[in-house]
Amino acid sequence: MPLALLALAVGAFGIGTTEFVMMGLLPEVADDLNISLPTAGHLVSAYALGVVIGAPLLAAVTARMSRRTVLIALMALFVAGNAASAFAPDYRWLLLARFASGLPHGAFFGVGAVVATTMVAPERKARSVSLMFLGLTVANIAGVPVATLMGQHLGWRATFLGVSAIGLAAIADLAALIPRDRVAPAHGGLRGELAALKSLPVWLALGTTVAGFGALFSAYSYITPMLTDSAGYADTSVTLLLALFGVGATAGNLLGGRLADHAMRATLFGGLVSLVVVLGAFPLLMSTPVSAAAGVVLLGVAAFVTGSPLQLMVMEKAASAPSLASSANQAAFNLANAGGAWIGGLALAAGFGVTSPALAGAVLAVLGLAVAGVAYAVDRRRMPAAVRERVVAAHLPQAAELLRH
């Protein structure tokens, strides 16, 4: 694997840290700016909104630019947004700064995934994407806990200055390690780029991302009360347990990348099935401290096994605009974050119990399986007749052998 993937991973580490650290710093921010905790929670939503808007928009308007230049520019915007967060004089400015920080998020992962796949052999594409995403999952193990501690002891503004420093390091790495490239002008301009998203297979792949990762966030958004109220952990243990989720996510991400290079569709279906099983078993897993810790790890593994195959699938279905489609998949991921948390909250509000968000997530994972199944059926129907005949012919000997037995 090329060393340039390290530069992408460093950028992903900074983005993952700033995305999730705000959740742990809400009390400090609320106290400092004299706002309520629910009002401070809007800072999380502002970042997610920036991702959803910025991902397809920035990918589309930069389609004619060198991808190396785009990645550096996106990381510069990321640094500026986090520096503005650190120096925000009041809540409104901080809200705008968090929105700006989210704008480059999806486009960076989208363009970065395309760059990663162009630097390796075809049989290693999924692994290259998983190595870039490694920065995001490792952020949950080291970046978020360290940044949270920094904010609690040095002030929340110090955290965003630290994240800005990570961004500057990423810019230096990108400039030094990403090879220079030239991108041919896109036919049809912005309208031509957006036309690539009209394909039904692209929307089915994006729908699978929304449902599959919505299942994750339905449970993960309420993992703290599950661990404390159901499993019996003290509040002080939650940070360590969330780091265990990061360990599971890292393992699942690497496993998914390796498996998807051999069988992308099978890896996707296997990951979604395992997610259904893990979430369905959560009420039992959360009954003891030991099984709860195991459940947190398994949740990370099952969810992130699907990350690389989904990213590659979206890119393949929109081959004429892979950066835009890949970035749109990151927007879908953040829609899953918001939608999954909302659905899990509905289950809690309905009085179904503290572990009910996990069961709601299991239902969403089943929905993701259904959408993935429809996508598979559509691909089969659109497969040229000659290709279908070759596939059938290749499997006739095995079918005949099975019939004889």
Side-chain angles (χ1 to χ4, degrees), residues 48 51-52 55 106 197 199-223 226 245 248-249 252-253 256 259-260 263-286 295 298-314 316-318 325 328-350 352-382:
V51 178
V52 172
L197 295 184
S199 166
L200 176 60
V202 171
W203 282 102
L204 288 172
L206 294 174
T208 305
T209 296
V210 172
F213 279 97
L216 164 66
F217 287 110
S218 179
Y220 186 69
S221 300
Y222 304 97
I223 194 71
M226 292 187 208
F245 171 81
N253 173 54
L259 293 177
M264 181 170 63
R265 187 85 63 172
T267 302
L268 174 59
F269 279 110
L272 289 171
V273 169
S274 64
L275 191 57
V276 172
V277 172
V278 170
L279 289 171
F282 241 56
L284 179 62
L285 290 171
M286 288 293 144
L298 290 173
L299 179 62
V301 173
F304 279 86
V305 159
T306 64
S308 297
L310 278 171
Q311 193 75 24
L312 276 180
M313 191 174 297
V314 170
E316 289 182 358
K317 301 307 177 187
N329 194 51
Q330 294 302 310
F333 180 87
N334 276 270
L335 285 175
N337 189 340
W342 176 68
I343 291 173
L346 289 179
L348 274 180
F352 293 130
V354 71
T355 58
S356 62
L359 297 179
V363 175
L364 285 174
V366 171
L367 177 60
L369 268 173
V371 177
V374 172
Y376 176 69
V378 169
D379 284 349
R380 291 273 296 175
R381 181 174 298 181
R382 293 189 174 195

Quick one: are the ring centres of F213 and Y220 less than 6.0 Å apart? no
Atom pair CG (L268) and CG (L272), whose distance is rounded to the nearest 0.5 Å: 5.0 Å
Rounded distance [0.5 Å steps], OG1 in T267 versus CE in M313: 9.5 Å
Any side-chain heavy-atom pair from F304 and L216 closer than 4.5 angstrom? yes
Got a sec, which pairs hit side chain to side chain donor-acceptor pair (under 3.5 Å) with one end in residues 303-313, sequence neighbours left out? Q311-S326, Q311-N329, Q311-Q330
How far does OH of Y222 sit from CG of L348, to the nearest 0.5 angstrom? 6.5 Å
Is any side-chain heavy atom of P201 closer than 4.5 Å to a side-chain heavy atom of E316? no
Partner residues of F282 under the ring pair (Phe, Tyr, Trp, His ring centres under 6.0 Å) criterion, sequence neighbours left out: none
Distance-only criterion, 3.5 Å: show the donor-acceptor pairs between side-chain atoms of residues 364-377 and protein atoms not counting sequence neighbours.
none

Verdict with supporting geometry, K317 and L204, side-chain contact (heavy atoms from CB on, under 4.5 Å): CA-CA 10 Å; K317 301 307 177 187; L204 288 172; over 6 Å; no
Interatomic distance, L279 atom CG to L298 atom CG [nearest 0.5 angstrom]: 10.5 Å
Are the side chains of V354 and M286 in touch, meaning some heavy atoms are under 4.5 Å apart? no
Nearest atoms (heavy-atom pairs only) where A325 meets V314: O-CG1, 3.1 Å
Looking only at heavy atoms, what is the nearest atom pair of T209 and A332, with distance? CG2-CB, 4.0 Å
